[in-house]
Protein chains: 2
Amino acid sequence: MGTTTPPSTADLMEAVAAVGTAYFQDFAAAAARHGLSSSQAKALKSLREPVPMRALAGRLGCDASNVTGIVDRLEGLGLANREASAGDRRVKIVTITDKGLEVLDQVQRDMAKAHRAFASLSPEQRTALDGLCRQVLPLLTG
Amino acid sequence: MGTTTPPSTADLMEAVAAVGTAYFQDFAAAAARHGLSSSQAKALKSLREPVPMRALAGRLGCDASNVTGIVDRLEGLGLANREASAGDRRVKIVTITDKGLEVLDQVQRDMAKAHRAFASLSPEQRTALDGLCRQVLPLLTG
DNA sequence: TATTGTTATACTCTATAACTATA
DNA sequence: TATAGTTATAGAGTATAACAATA
């Protein structure tokens, strides 16, 4: 007792995938409760700072042509606006509205399961998990 | 030095979301390299054991009506089959083919970034991360 | 009556390619 | 020429509602 066999890489990937899936389901459910799709909510999250259409596509990891529709819908809901860029008349800068900011905050507060799950960890466990995420992320991204 | 301020729940959620996003992008890219969408690959993953259509919908977290199309496409690719159930003539049981199993294994081996990322952790770190995932998961799921 | 799988419908997300207006 | 955003198009995922076959 007291010693544990380390999990295989495959097992660890399974565990991480399960946590990721559950997390994003919680996110999607919270977004849906406020009338947003996952993509719309994810876009809104990227708009705490004004972002050109093209850059938004990069953040969402999708083609630029998709962003037109996503921002159209956010604009239709009164959650974002397109503004002209000062320097380059080709670019449009997407800005979140006050209402958009309010809805975004509501969505994030509304992720009840995620809050419960991570708030249940001790300070030491939170520090450990955060550190492991930060160590793993660059290799996962690169 | 030597002491760190524990991250806020919000910061921790950000870190977990980033890892989850990167993980699923790696998964989607590996699936795409083998001609599969994320949903198709996820379905295939659920088929290591034969599963009725309805139960597959549950595992995928989507409506039963969607599974018809997803399995149609897997069947079209020769990766899965629909078989009649012995006891209940209403239910169809989805079975993975040998080719499907082969493609699934290739996809999972092909997640190069995820393998590199998690293999880079020490045995102690792997044990810690796995334990934290397992502790958090029930609260995230329930 | 209830359940399983399917179909019909509509909306969203996605990529590719072609277009426009700028640069 | 090259780039930013849009449009057109097509394929896929998603939910809702209605349906046939079976329980």
Side-chain angles (χ1 to χ4, degrees), chain A residues 21 24-47 50-77 79-95 107, chain B residues 21 24-25 27-47 50-77 79-95:
Chain A
T21 297
F24 290 120
Q25 280 177 355
D26 195 39
F27 178 69
R33 262 173 250 131
H34 295 274
L36 297 177
S37 70
S38 288
S39 290
Q40 289 164 358
K42 193 177 169 192
L44 219 47
K45 254 179 74 172
S46 300
L47 292 178
V51 179
M53 295 289 286
R54 203 100 200 159
L56 185 53
R59 293 207 196 185
L60 298 179
C62 70
D63 192 83
S65 61
N66 306 324
V67 179
T68 299
I70 294 172
V71 173
D72 279 352
R73 284 164 214 122
L74 289 179
E75 214 165 10
L77 294 168
L79 307 179
N81 283 318
R82 272 175 252 235
E83 296 181 0
S85 169
D88 188 333
R89 286 194 299 178
R90 290 173 304 178
V91 350
K92 296 178 187 174
I93 296 176
V94 191
T95 307
V107 168
Chain B
T21 298
F24 290 121
Q25 280 177 355
F27 177 69
R33 263 174 249 132
H34 296 275
L36 296 178
S37 70
S38 288
S39 289
Q40 289 164 359
K42 193 178 170 192
L44 220 48
K45 255 179 73 172
S46 300
L47 292 178
V51 178
M53 295 289 286
R54 203 98 200 162
L56 186 51
R59 292 206 196 186
L60 297 179
C62 70
D63 191 84
S65 61
N66 305 325
V67 179
T68 300
I70 293 172
V71 172
D72 279 352
R73 282 161 216 125
L74 289 178
E75 214 166 11
L77 294 167
L79 307 179
N81 284 317
R82 271 175 253 233
E83 296 180 0
S85 170
D88 187 333
R89 286 195 299 179
R90 290 173 304 177
V91 350
K92 296 178 186 174
I93 295 176
V94 191
T95 307

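Here is the naming used below: chain letters follow the sequence lines, and residue numbers restart at 1 for every chain.
Listed pair A:Arg82 / D:dT6 meets the phosphate criterion, a side-chain N or O lying under 4.0 Å from OP1 or OP2. Under 4.0 angstrom from either OP1 or OP2 of D:dG13 there lies at least one side-chain N or O belonging to B:Ser37. Checking the phosphate oxygens (OP1, OP2) of C:dC13, no side-chain nitrogen or oxygen of A:Lys42 falls inside 4.0 Å. In this structure, A:Ser65 does not reach the C:dC19 phosphate: none of its side-chain N or O atoms is under 4.0 Å from OP1 or OP2.
A residue-by-residue look at A:Ser38 and A:Asp88 shows that A:Ser38 has its nearest nucleotide of DNA chain C further toward the 5' end. The residue among B:Leu60 and A:Val91 whose nearest nucleotide of DNA chain D is located toward the 5' end is A:Val91.
Straight-line distance from the CD atom of B:Gln40 to the P atom of C:dC13: 20 Å, rounded to whole Å. Between A:Arg54 atom CZ and C:dT22 atom C1' the separation is 13 Å, expressed in whole Å. With rounding to whole Å, B:Lys92 atom NZ is found 11 Å from D:dT22 atom P. Between B:Leu56 atom CG and C:dT6 atom C1' there is a gap of 15 Å when expressed in whole angstrom units. Rounding to whole angstrom units, CG of residue A:Leu77 and C1' of C:dT12 are separated by 13 Å. Across the protein-nucleic acid pair, B:Asp63 atom CG and C:dC11 atom P stand 17 Å apart, rounded to whole Å.
In this structure, A:Lys45 satisfies the cation-pi test against A:Phe27, with its NZ or CZ atom closer than 6.0 Å to the six-membered ring centre and inside 45 degrees of the ring normal.
The CG atom of A:Leu60 sits 4.5 Å away from atom CG of A:Leu56, with the distance rounded to the nearest 0.5 Å. Taken from OG1 in B:Thr21 to NZ in A:Lys42, the straight-line distance is 5.5 Å, to the nearest 0.5 Å. Note: B:Met53 CE to B:Asn66 CG = 10.0 Å, rounded to the nearest 0.5 Å. Interatomic distance, A:Asn81 CG to A:Ile93 CD1, rounded to the nearest 0.5 Å: 12.5 Å.
Contacts with DNA chain C (heavy atom under 4.0 Å) in residues 66-73 of chain B: B:Thr68, listed by number.
Contact annotation for A:Arg89: backbone-only contact, meaning every heavy-atom pair under 4.0 Å involves sugar-phosphate atoms and none involves a base.
With respect to the salt-bridge test (charged N to carboxylate O, under 4.0 angstrom), the residues B:Arg82 and B:Glu75 qualify.
Taking every side-chain heavy atom of B:Arg90 into account, C:dA2 is the closest of C:dT16, C:dA2, D:dA4. Listed nucleotides C:dT6, D:dA15, D:dG13 differ in distance to B:Met53; the shortest reach to its side chain belongs to C:dT6.
Of all the heavy atoms in B:Ala55 and B:Val51, the pair that sits closest is CB-CG1, 3.6 Å.
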